[in-house]
Visitor: 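Structure incoming, see below.
These values consider heavy atoms only, across backbone and side chains, with no hydrogens, waters or symmetry-generated copies.
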Amino acid sequence: MRNILKGLSFALVFFMAFGCISNEKIIYLQNLEENTPIEDDELITYKIPEYKLQYNDIIDVNIQTVDDMTQFGFNNKPPQTNSQMGNVSAQSGGDIYYMTGYSVDENGNIRLPIVGEVYVRDKTLDEARIDVEQKLREYVKSELYVKVKLGGVRYSALGEFRRPGKYVVLQDRMTIFEAIANAGDLTTVAKRDEVLLIRQYPEGTRLHRINLLDRQIVASPYYFIQPNDQLYIEPMKVRETGTGENTAQTLALVFAGISSVALILNLLK
């Protein structure tokens, strides 16, 4: 009996030492020892590369003439149409312009009424706007205003998110922490130092490993996510062992185990 209690005591110490998740594994933006520290008030400069259109992107092409501006002002679409599109997007999780926008086909073209196909793949939104406007001027002689936009930032959150899923955020740029917050933050057992970012490039797809615990991520090219990014978060080993996420949970599991063993020993007497 004494040996059994001694074994249970060792088990208690083991689970308390190795069964909990330390703060160092869940606190974002730490100054890690192996890196040059970034102080709190230090200015971090960066240049965000302009996004280039890819296959399967959906863009909104807004074309206005003088008559359109006279009828609707600076907005070519009636306000109720925009609100309906936003409601459909919020309910479906899809691109806000899926029903009314133009998809980039496998050849890199979008097909517009009257002008036909316009090649836009590997071009920035501004370059695509210029090409669309040049095509239109062959048919429209009056003053034109052309606007080309993506339907927000579309990304997927997989794995140890509190609300995994596919999201569309209606803004031009978005940090990886904003994307995580939008998906409800990460669970306690999420492996924050080995986030897998799956990113599409004009030539194909690349996989990048990101450490959210490292403050250096703010100065990295992965701080801002891009349209069609996928974020996958793996669980820690603590998920496999079944121990608690904090000291209270671990102690509860240990004492429950001790109580069960003690009950069994009493029954065997």
Visitor: If you compare all heavy atoms of Asn31 against all heavy atoms of Ile38, which two are closest, and at what distance to 0.1 Å?
Guide: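 Looking at all heavy atoms of both residues, the closest pair is OD1-N, 2.8 Å.
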
Visitor: Linking Ile, Leu, Val, Met, Phe, Trp and Tyr by side-chain heavy atoms under 4.5 Å, what else ends up with Leu43?
Guide: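 Via sub-4.5 Å side-chain contacts, Leu43 links to none.
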
Visitor: For the side chain of Asp193 and the backbone of Asn211, is there at least one donor-acceptor N/O pair under 3.5 Å apart?
Guide: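 No.
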
Visitor: Judged by modelled atom types alone, do Tyr102 and Asp60 share a side-chain donor-acceptor pair under 3.5 Å?
Guide: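 No - no donor-acceptor pair under 3.5 Å links their side chains.
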
Visitor: Which residue is it: Val169, Ile198, Leu197? I am looking for the one with a side chain to side chain contact (heavy atoms under 4.5 Å, CB included) to Tyr155.
Guide: Val169

Visitor: Quick check: do Tyr222 and Arg199 have side-chain heavy atoms less than 4.5 Å from each other?
Guide: yes

Visitor: Apply the side chain to side chain contact (heavy atoms under 4.5 Å, CB included) test between Ile110 and each candidate in Ile58, Val120, Leu53, Asp131; give the one that qualifies.
Guide: Val120

Visitor: Within the distance-only criterion (no hydrogens, no angle test), does the side chain of Gln171 pair as donor or acceptor with the backbone N or O of Arg173 below 3.5 angstrom?
Guide: yes

Visitor: Is there a donor in the side chain of Asp105 and an acceptor in the side chain of Asn56, or the other way round, less than 3.5 Å apart?
Guide: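 No.
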
Visitor: Would you say Glu160 and Thr187 are linked by a side-chain donor-acceptor pair, where the criterion is simply a distance under 3.5 Å?
Guide: yes

Visitor: Could you pull out the closest heavy-atom pair between Ile27 and Leu213, with the gap in Å?
Guide: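 Shortest heavy-atom separation between Ile27 and Leu213 comes out as O-CD2, 3.1 Å.
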
Visitor: Show your reasoning for whether side chain to side chain contact (heavy atoms under 4.5 Å, CB included) applies to Glu143 and Thr65.
Guide: CA-CA 6 Å; Glu143 289 297 323; Thr65 63; over 6 Å; no

